[in-house]
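For reference, the structure is listed below as structure tokens.
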Amino acid sequence: MTTATAPAPFAKTLFRLPWSAEAAIFVAYAALLINDQRYALIGAFAVLLHISRYFALRIPQRSWIAWIIRIAAYGLIGSTAGRNDQGNVSLFDPATVDAFGVICAVEIVIQMWRERPGGSPPGAITIALAALVLSAASTTYDTTYIRWLAPLYIVFTMLSLRSYTRRQNVVQSGAATRPNWRVLGARGAALLLGLGAGFVVYSAFVTYHDKINQIGDNVMTRQHAPERSALSSSPSLGDSFDNDGSPSRVLRIKNLIGVAHLRGLVFDTYKHGSWSPTLEARKFFPAGDRVLLPNARGARAHVTCFADGLHILVAPLNVAGVGGPELGSIERSAEIGNPLKTDVGAPYYYDLILPPNEENQGILCATPTPEERQHCLNVPPEITPEVRALAQKIAGNEPDDRSKVQAVTNYLISNYSYSLNVHIGKGDKVSEFLLHQKAAYCEYFGSAAVILLRCVGVPSRYATGYYAHEGEAGGETVVRQRDSHAWAESWIEGVGWVTVDATPGGGRPDKLYPDTPAGMKIWETLADKITDIREWLAQFSPAALGGAAFGLLLLYAGVRALLARRRGGRTVLRESDYTPIDEELRQIAARFETVLKRVNAPCPPARPWGEHLKKLTQLPKAEQPDLDFERADDFVRCYNLLRFRRDADPALRRETTDLIDTLERGLTGSRR
Amino acid sequence: MTMEIERSTTPGAAAALTQSEFAEIVSRVEENLGLVIRGKSESIRLVMVALLAGGHVLLEDVPGTGKTTLAKSLACSISGIFRRIQFTPDLLPADITGTSFYRPADGTFEFREGPVFANVLLADEINRTSPRTQSALLEVMSENQITIEGRRKDLPQPFFVIATQNPTEFHGTYPLPEAQLDRFAVRVTMGYPDIAHEMEILTSHHDHDPFDALKPRVNGEDILAMQERVKTIKFDTSVAEYVLKIVDATRKDARLRLGVSPRGSLTLYRTAQARAAIDGRDFVLPEDVRALAIPVLAHRIMLDTKAKYGGVQPNQVIEEILETVAAPR
């Protein structure tokens, strides 16, 4: 508990910052305020700092009040720290640096109002903190004010160092006012060394700030730094594919049952081995919750996406609804498979409504317009006539679209094999694959399926996404970077859009890679727990969280106070706890207390008057209160006889009363 | 010069000593001690307070600071018997209290008194002897008598023990535990003198020992009378409450495993009376209690482990308690 002692102007028990140190701190504060006008409260810090020299009240050393103030202040200030485009806290964002500077500014005030161990002055720490405040304020492109304020700060700091070197309590005859040049020199050297070291560290920070930022993001974000998505915005068929099989998680989905193909993007224009249009070429519009989550029925799956880059909301083709409270905005394209996008940085969360019907035509399955249909039937001129002939041979005689799709799929699976070694020389990639290579990876199979189906009149498009296969205990499915896959989507009359995966079974992600090591799964489980907590917290507004935190702090403070009281913590006992004295004497005592207060020398409750007067007389002349000490001593002597000796002599009482009258008269015409 | 003084049982002896006589005697003794012990008026005053309160003193200090000199000077000043016991690990209780020797000539036992039979006893380095031997002395201090072979022997009066303990050495020592430190009225730390006073020491020892110039200033009977007078010093209820509130605060302080015992509160009570008497008053002020709180109480409390290893000192705890307990006005 705070020990409330009455204010006392005694210099020897109260450290005051030298005027130059205070000026240096004000300069640093001013620099920060000019840098970032959001922190107008810095003015209040300056006032609090200054008034600390007029009051003896201090937060005791072991009190938790200082920590309460710190947590509240740091939390409030830290919440204004800057976030980069991905929504992660950036160490080098100007707002973050400013927040750090304000935290240092708050700490200066706390240090001045805190009781120091052994009464030592907080000079060194305030110098260091003020330097940090100025450094934070200097991170600005507008250097005009820094050019003036920084030298001013250094001048004031150097002046203040001189004050700190003077020992106040050592009596050295003839040398009381001579500064200690050795100490001054040592401290000046330390200051210069600190500045130099700070410059080196700062330069290193500036040079390597990207890497440092990455580390900071890794530490401060909910997961590891977001992985780049394996989905390309403009896929193209290449030669040998060196798939390193990255096991980094892309998605974590709860309650995903019976779904394997999670579609990301769809392309409908093939040209010389590449699919387009790119994501950037498409128009996206705000989707709105009403569009995405109408009265959708089905199982609800919850997706956590760790991948970044495209901000695509990966979903099965038959999804009935997509949404989530965390998503700031969902954008949707009205064309080419209606992909969904969000501007929220990874990791982000959303729900999928999965109907039981695999071929449900949901929000990703808009009926193609005649133009779109034509696009999806277009066989590019570079496709050789042999390929067209092959398509006719495979599925030309099938009665309907569904059987054509089946025929093409079976043909590709049965007659072609999966291989990462592809060497296509000259010529069209798909044609060469179909006619000569006959072994390639999923992108070729997907592209080939699209081309063949288009050749037999089935509108088809090329889809990229992920193949979900790694189910875990608890109904969760994990999708990793290496599970990226490509397939086709075809429009079947009377049914709608369907997924067509023509990659042979051995080439699908579930067959290609070994099981994920158990250790990795354990690590992912732990990380997920933290993610779940963060996700749970995200549903509450900052005001609610702040209120809850404040409530917890109050509860903690109350419990501590209760325990301290039960243990018999120190309490200040009042004068009234003693055996009462007669009323007249009590009034005389009150009058003397008033006299002391009026001369700005109130007596602390724990100190007897005699001791108090003795201490006052030991002060330097300039600091002694304007009090008739001789009469005050006489008064105290007489009062003590009445009070503690219980002297009943009426003459003594009259003398005591006369003395207090005299003391009171001595106050008129003096200060206040 | 030694004189064994019978304990005065005459009630009137106390009343015969006026306040001015009391103050004058104290002044003479302190002045006498001041010839030898330079720059330690506060320590001398504390020793006088303990003597007049009927208590004993523990001097805790490094070697060479004048502990033995102070004890010898005090003994000389009150014309009493001075004995010194240098405690060693092989010292036995009988070496303190005395033993009976067999006389073959007539087949009887003769009791030879131990060094404890003195007016002023210097128990030097009490922490160097075994706890069993320490207990023998401490028992004597509290009882003021010895029982040997069924026979009770009173100690000479006044009986005053100055024990010393070196706080810096730990090897081969048995530091007095807090429960036994309670027997000492005050704990005094003399410390090194400042330069000016040390210069006076050097100067005064230039060609003679100042101790040789000491003369008795008071006899034992007067000391006893002064002790009786101390007991008559008025103690207002509110000041007594103040003492109890301070003591109670030590018992409730979370940092203390052991607070002050009733013996401690009684000692503070008595020493406050002694201080008031020395100051020329016949009543106690709260200032007396505050001035004596640390020397009287600090060695009686026991810090808990967390406070001890957190760097908290007993003096600091008492100081903080004094700042939190309102003084009566």
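The shown structure was predicted, so the numbers you read here are calculated from the model rather than taken from an experiment. Proteins come first, then strands; the chains are lettered A, B, ... in the order of their sequence lines, and each starts at number 1. Both backbone and side-chain heavy atoms feed into the values below; hydrogens, waters and symmetry mates do not.
- By number of non-hydrogen pairs under 4.5 angstrom with chain A, the leading residue of B:D248, B:L285, B:V284 is B:L285.
- The number of heavy-atom neighbours closer than 6.0 Å to CD of A:Q624, taken from other residues, nucleotides and ligands shown, is above 12.
- Distance check: A:F644 CZ to B:E287 CD gives 7.5 Å after rounding to the nearest 0.5 Å.
- For A:L585, no part lies under 4.5 angstrom from a heavy atom of chain B.
- Remark: B:Y192 OH is loosely packed, at most 12 non-hydrogen atoms of other residues, nucleotides or ligands lying under 6.0 Å away.
- Looking at B:Y242, both its backbone and its side chain come within 4.5 Å of chain A, counting heavy atoms on both sides.
- Listed by first and then second residue, the salt bridge (Lys or Arg N to Asp or Glu O under 4.0 Å) pairs involving residues 266-278 of chain B are B:R275-B:D279, B:R275-B:D288 (not counting sequence neighbours).
- By the 6.0 Å contact criterion, CZ on B:R28 is enclosed, its count of non-hydrogen atoms from other residues, nucleotides or ligands being greater than 12.
- The pair A:R645-B:D282 meets the salt-bridge criterion, with a side-chain N (NZ, NE, NH1 or NH2) lying under 4.0 Å from an Asp/Glu carboxylate O.
- Residue contact with chain B, scored on non-hydrogen atoms closer than 4.5 Å, is absent for A:F592.
- To the nearest 0.5 Å, atom CZ of residue A:R586 and atom CZ of residue B:R329 are 13.5 Å apart.
- Under the 3.5 Å distance criterion, the side-chain polar atoms of B:E323 are left unmatched by any main-chain donor or acceptor of A:A606.
- Other residues, nucleotides and ligands place no more than 12 heavy atoms under 6.0 Å from the CD1 atom of B:I195.
- Listed by first then second residue, pairs satisfying salt bridge (Lys or Arg N to Asp or Glu O under 4.0 Å) with a partner in residues 185-199 of chain B read B:E60-B:R187, not counting sequence neighbours.
- Considering all non-hydrogen atoms of both residues, B:F283 and A:N640 come closest at CE1-O, 3.7 Å.
- Within 6.0 Å of the CD atom in A:E583, the count of heavy atoms belonging to other residues, nucleotides or ligands exceeds 12.
- For the residue pair B:V325 and A:Y578, the shortest heavy atom distance occurs at CG1-OH, 3.9 Å.
- Residues A:R643 and B:S238 have side chains in contact (heavy-atom distance under 4.5 Å, counting atoms from C-beta outward).
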